[in-house]
Amino acid sequence: MSKIQMTTPIVELDGDEMTRVLWQWIKELLILPYVDLKSEYYDLGLEYRDKTDDKVTVESAEAIKKYGVGVKCATITPNAQRVEEYNLKKMWKSPNGTVRAILDGTVFREPVVVKGIKPVVVNWEKPIIIARHAYGDVYKNVEFRVEQGETAELVIRGKNGERKETILSFENSSGVVQGLHNIDASIESFARSCFEYALDKKQDLWFATKDTISKTYDHRFKDIFAEIFENEYKAKFDEAGIEYFYTLIDDAVARVIRSKGGYIWACKNYDGDVMSDMLATAFGSLAMMTSVLVSPDGKYEYEAAHGTVTRHYYKYRDGEETSTNPVATIFAWTGGLRKRGQLDNLDDLVAFADKLEKATITTIENGIMTKDLYALSTLENKKAVNSREFLLAIKNEFDKM
């Protein structure tokens with residue numbers, strides 16, 4: 001059988017640890033036998049990021065801006081322990097944060113729902129999509145360790161002179177201080193991306209921050225969303241029969257737990273990071289949460305919403321068998337290939353992605369799954385398999401299609 005042809009490369013961002021292993025197996029078993037894969041490859045493994053002083057991360061993001069579609073493997077964001085473990089030059093920033101800052105836009109995360117796995121929240125009947133702002137806040141912060149006796153100040157200098165506010169005089173204790181920022185242009189892109197996505201999905205949109213406490217920073221988000229909605233989207237939402245409303249983040253959490261699902265929940269960067277993991281776990285598994293970054297100018301980066309599965313990688317490295325769930329990573333590849341096919345008018349590539357996702361879900365619903373899903377599934381006839389066996393079962397199901 002001849003392979004499906006591609007006309008434009010997809011940008012491939014390789015990653016770390018167990019997900020790097022799964023990345024290669026997915027390509028070997030589920031993609032390369034069927035697709036004449038054209039990709040521009042970037043190694044975002046921690047060792048190579050360190051070797052290039054993290055320039056490879058910037059180059060990969062610029063490549064996505066050039067070609068329009070990227071697929072990213074999970075990567076390590078190093079802490080002090082990782083610096084020692086990998087003998088790094090420095091504690092490099094999050095590669096996801098770097099890529100998102102360059103592309104801007106919004107991250108949309110949606111769980112993969114399968115029969116036999118019921119949400120922990122029993123009244124959830126439909127998936128909940130997290131829309132996560134992809135720029136700034138803690139991911140682009142500046143921070144210092146402060147010694148006792150020092151004073152931290154926030155200073156703004158510009159054409160109108162200088163504004164200064166004392167954060168704290170550390171008279172009685174040492175401590176830490178952190179500076180966050182965001183920009184109106186990115187918040188505006190975030191708002192429009194959320195409104196457009198809601199119209200496309202025909203789903204209600206919620207937005208939540210903590211403007212009662214953060215009366216300038218968070219309130220700016222609230223105001224921009226309100227202005228853009230009233231001026232550009234209210235009539236469109238009315239026509240579509242959907243709703244936009246703002247609420248405090250703590251109230252939103254209560255509403256989410258009581259809801260039936262089936263809407264989009266927009267969050268600031270850190271809130272979206274945390275809440276998407278909560279939703280993924282509540283719907284079944286972190287490994288079942290898909291993620292796509294959509295930039296304002298129509299660039300797309302697909303990835304899994306989880307980490308590098310370090311514990312499983314150490315076992316794999318020691319020669320032990322692992323049962324790591326690859327579903328979100330498979331869906332990153334299918335999402336990227338589908339979008340590439342849509343942009344290039346390649347119907348067979350779009351159909352390939354659709355069928356591979358169907359084969360993945362069917363395999364699980366037929367009772368073959370990794371151990372994380374086995375522990376959750378209510379199916380009577382189910383079997384837990386290792387990662388490679390699971391991928392081979394998906395391949396078998398796909399071949400039958």
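All values below were derived from every heavy atom in this structure, side-chain atoms included, with hydrogens, water molecules and symmetry-related copies excluded.
The cationic atom of Lys268 (NZ for Lys, CZ for Arg) lies less than 6.0 Å from the six-membered ring centre of Phe221 and within 45° of the ring axis. By the 6.0 Å and 45° rule, Arg132 stacks over the aromatic ring of Tyr139. By the 6.0 Å and 45° rule, Lys236 stacks over the aromatic ring of Tyr233. In this structure, Lys382 satisfies the cation-pi test against Tyr374, with its NZ or CZ atom closer than 6.0 Å to the six-membered ring centre and inside 45 degrees of the ring normal.
Taking the six-membered ring wherever Trp is involved, the centroid distance between the rings of Phe331 and Tyr302 does not fall below 6.0 Å.
No option in Tyr270, Phe190, Phe108, Phe207 other than Phe190 meets the ring pair (Phe, Tyr, Trp, His ring centres under 6.0 Å) test with His133.
Side-chain polar atoms of Ser295 and Asp104 form no donor-acceptor pair below 3.5 angstrom.
No donor-acceptor pair closer than 3.5 Å links the side chain of Ser39 to the backbone N or O of Val11.
For CZ of Arg145, the number of neighbouring non-hydrogen atoms (other residues, nucleotides, ligands) closer than 6.0 Å is greater than 12. Within 6.0 Å of atom CZ in Phe245, more than 12 heavy atoms from other residues, nucleotides or ligands are found, so the atom counts as buried in its surroundings. Heavy atoms from other residues, nucleotides or ligands lying under 6.0 Å from CD of Glu84 number 12 at most. Taking a 6.0 Å sphere around NZ of Lys140, one finds it holds 12 or fewer heavy atoms contributed by other residues, nucleotides or ligands.
Between Trp23 and Trp333, the ring planes lie tilted relative to each other; the angle falls in the 30° to 60° range. Taking the six-membered ring where tryptophan is involved, the planes of Tyr244 and Phe195 are perpendicular, since the angle between them exceeds 60° and thus also 30°. By the 30° and 60° cut-offs, the orientation of the rings of Trp206 relative to Tyr263 is parallel.
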Could you walk me through whether Met288 and Asn325 pass side chain to side chain contact (heavy atoms under 4.5 Å, CB included), step by step? CA-CA 8 Å; Met288 300 288 280; Asn325 188 335; 3.7 Å; yes

